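Since the structure comes first, as structure tokens, the remarks are kept for the end.
Labels below follow one simple rule: chain letters A, B, ... track the order of the sequence lines, proteins then strands, and each chain is numbered from 1. Everything numeric here is computed off the predicted structure, so don't read it as measured data.
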Amino acid sequence: MTTLQTVFDRAKADNRAALVGYLPAGFPTKDGAVAAATAMVEAGCDVIEIGLPYSDPLMDGPTIQDAVHRALTNGTRIADVLRTVEGVARTGAATLVMTYWNPIDRYGAERFARELASAGGAGTITPDLTPEEADTWREASAAAGIDTVFLVAPSSTQERIKAVVNCCTGFVYAASLMGITGARETVNAAAEGLVRRTREATSLPVCVGLGISNGRQAAEVAAYADGVIVGSAFIRLLLDAPDEASGLTAVRSLAAELAEGVRRR
Amino acid sequence: MANILTPADLAGHGPRGDDPDPRGKFGLFGGRFVPEALIPALDEVAAEYEKAKSDPAFVREFDHLLRTYAGRPTTLTEVPRFSEQAGGARIVLKREDLTHTGAHKINNVLGQALLTKRLGKKRVIAETGAGQHGVATATAAALMGLECVIYMGAVDCERQALNVARMKLLGARVVPVHNGSKTLKDAINEAFRDWVTNVDTTHYLFGTVAGPHPFPEIVRDFARIIGVEARRQMLELTGRLPDAVCAAVGGGSNAIGIFHAFIGDEGVQLHGYEAAGHGLDSGEHALTLTAGSVGVLHGARTYVLQDEEGQTIESHSISAGLDYPGVGPEHAWLKDSGRATYHGVTDDEAMAAFSLLARTEGIIPALESSHALAGALRLGRELGPEATILVNLSGRGDKDMGTAMKYFGL
């Protein structure tokens, strides 16, 4: 298993930001997700977040909602998520699961952490789990040896940032804007300030996500962050592709453009 | 006219000390499971509410609106002809259907609209199922000059078309939600998405006692006037407290509203009635407390209809206001502590009670409230003719005529 620390050490040595790509398990199909993530890794993604499809994704915009809906309609279950992680981890990318809290809560925190670790997963990102509620998950993750990534937002006070980074291992996810997932024309100016404020509270790498969709934006963010996170833009390409092969080609080409962007800082 | 609300009605609660802890927990339930981006806004709402509820000026203004705008206090009505079908038990209705806009929702909405002004925000958003909370929110927004956007499941827009028209007439924008089950739960998801995007200008005027802290506490406190009045009125009318209090439970706001003042009265049974839809075995129901399991939905730990991997199971009820796979955390706590008991009432039972009240008493209840009425009929037969049962008639049935026409072939 490639750990987040390995990834960020390597990126630092190369004097570049890491590239993090997101894709839900089961989208466009169960096997198609592994194929798409593999293409993303081959073209330059260092970290892959595999989304655990959930019925009520209240942080996600229309693009991810659509993909997640298709994944659930395909019958994607937690076993499929873990199989996807296993397939993607084999590429050598650090592989995370990004999930709302309820599926883990219901499945059992210890069981999920253990099974994710044995599938080669490096950790999780849990966007609706706040520090106040995170004890169970942090203990289970520590016991299984996987990282726990939580989010800070432009609205976070310095006190909140401290509380969140104290729960994080691996990296801190800085949400670039107040809003939901989805590609935007420009990266919010608040992102840079948030990264600066987060660095005051931690020495962990800080990655920026939400709204980033092209090489220019990736380069802009890479100038001040340790990692650049892209999700909806990849999914959009897969949703719009007339067939699987052209979807993979498009994803590969975007990943290459972003990989070039994170090296341009 | 004398005030109906005292600061104690908001600030001081039952003798059991049943306020949530500082993290918004009722025992195991409640809390906050939301994106970090929303935490400051929730903190802001909680802090402002703490100040407001002990501010005599706020309480006075809320009281004034409840009396002169909402039409409080609402009366009690005895329903002897209806009660004949309940084994002769004495059934008394708390007439929230007589409030302005026709349902108990106006109480919470007026309180939160005042809070919105204190927060300095100019825009309110809300979710709605049956449309009653949407109508009430649109009403308060019109009254106070606030911009108003209502999220409503596309299925609910259709079955509650009259309320959609009312909201539009009141100047609100109604956004039909086509995701997921196209009902209340999806409207809540969409409202949260709006809120996290526009939180600087916008207050999410949450409509039920669910969601992240502090909503369960705030909505309860603003709805609690129902029980405060009813308890006093029952003592005046019958000289004693009722043997039981009945209410319908979807998210649970009308039920908490009437239960809360009675929680410390150990002799008073509290019964909540959830929508059993086509019956438990059919899988098409909204029996969250009766048949659900503990999980997290819409920002709080509570009972949820979910599968073994935590995916929400879509609920069903003929009544849009009860068609919700979650429930307020305080109800979860009342259930587990044994203080309240929750049961199911099927679509057919509710429709029978709906029709019976119309024909025996000349009152057309909301389909939501009809579940409580059906429950009271059942409970009356169990408790016997000596029993007195207070039922929260949470809303009127005008909005349900389309459903009734279809169901009864009118």
Side-chain angles (χ1 to χ4, degrees), chain A residues 52-62 65-66 68-69 72 76-81 99-108 112 126-134 150-157 159-161 163-164 167 172-182 190 194 210, chain B residues 21-25 30-44 127 177-181 185-202 211-213 293-302 304-314 325-326:
Chain A
L52 192 159
Y54 174 53
S55 52
D56 292 275
L58 62 74
M59 240 203 88
D60 286 305
Q65 283 179 48
D66 191 352
V68 160
H69 179 72
L72 289 171
T76 304
R77 308 286 287 171
I78 288 177
D80 301 305
V81 175
T99 180
Y100 292 89
W101 175 240
N102 196 49
I104 297 184
D105 188 67
R106 181 72 169 148
Y107 196 74
F112 190 87
T126 44
D128 64 346
L129 192 61
T130 55
E132 290 80 359
E133 303 289 350
F150 296 88
L151 278 75
V152 293
S155 59
S156 301
T157 59
E159 194 187 352
R160 288 301 299 183
I161 290 176
V164 172
C167 298
V172 182
Y173 188 131
S176 71
L177 49 80
M178 295 298 292
I180 53 179
T181 57
L194 176 61
L210 295 194
Chain B
D21 74 13
R23 289 182 177 182
K25 288 292 181 79
R32 285 176 179 172
F33 295 83
V34 294
E36 187 63 28
L38 285 176
I39 296 291
L42 292 167
D43 280 344
E44 185 192 18
E127 81 295 345
V177 177
H178 293 276
N179 308 327
S181 57
K185 108 179 154 63
D186 308 285
I188 294 176
N189 291 339
E190 207 56 30
F192 270 111
R193 292 182 187 118
D194 180 315
W195 201 32
V196 74
T197 308
N198 299 300
V199 69
D200 284 347
T201 59
T202 301
H213 175 67
S293 52
V294 175
V296 170
L297 180 65
H298 292 145
R301 180 176 298 282
T302 184
V304 180
L305 291 178
Q306 60 182 340
D307 70 11
E308 67 280 8
E309 295 196 352
Q311 305 289 346
T312 310
I313 295 172
E314 290 178 9

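Only the side chain of B/R23 has a heavy atom closer than 4.5 Å to any heavy atom of chain A. Using a 4.5 Å cut-off between heavy atoms, B/P40 contacts chain A through its side chain alone, with no backbone atom that close. Of the two parts of A/D105, only the side chain, counted from C-beta on, holds a non-hydrogen atom closer than 4.5 Å to a non-hydrogen atom of chain B. Only the backbone of A/P127 comes within contact range of chain B, with at least one heavy atom under 4.5 Å from a heavy atom of that chain. Of the two parts of A/E132, the backbone and the side chain both hold a non-hydrogen atom closer than 4.5 Å to a non-hydrogen atom of chain B. Residue A/P57 touches chain B through both its backbone and its side chain, counting heavy-atom pairs closer than 4.5 Å. Only the side chain of A/L72 comes within less than 4.5 Å of a heavy atom in chain B; its backbone stays farther off. No part of B/D200 comes within reach of chain A, as not one of its non-hydrogen atoms sits under 4.5 angstrom from that chain.
The environment of B/E308 atom CD is dense: over 12 non-hydrogen atoms of other residues, nucleotides or ligands sit within 6.0 angstrom.
The residue among B/N198, B/L297, B/N189 with the most heavy atom pairs within less than 4.5 Å of chain A is B/N189. Considering only heavy-atom pairs separated by less than 4.5 Å from chain B, the leading option among A/I78, A/D56, A/T126, A/L52 is A/D56. For chain B, the option among A/P53, A/S55, A/A153 with the highest count of heavy-atom pairs below 4.5 Å is A/S55. Annotation: maximal heavy-atom pairing with chain A below 4.5 Å, among B/Q311, B/E190, B/R193, occurs at B/R193. No other option in A/L129, A/V152, A/L177, A/L151 has as many heavy-atom pairs under 4.5 Å with chain B as A/L151.
Going from atom CG of B/D194 over to atom CD of B/E127 covers 12.0 Å, rounded to the nearest 0.5 Å. The NZ atom of B/K185 lies 5.0 Å from the OG1 atom of B/T312; values are rounded to the nearest 0.5 Å. Distance check: B/L42 CG to B/W195 CH2 gives 4.5 Å after rounding to the nearest 0.5 Å.
Counting all heavy atoms, side chain and backbone alike, A/S155 lies closest to B/E36 at OG-O, 4.4 Å. The two residues A/F150 and A/C167 have their closest heavy-atom pair at CE1-O, 3.3 Å. Minimum heavy-atom separation, A/M178 to B/A37: CE-O, 3.4 Å.
Between A/D60 and A/Y100 there is a side-chain heavy-atom pair separated by less than 4.5 Å.
Taking the six-membered ring where the residue is Trp, B/F192 and B/H298 present parallel rings, their angle staying beneath 30° rather than reaching 60°.
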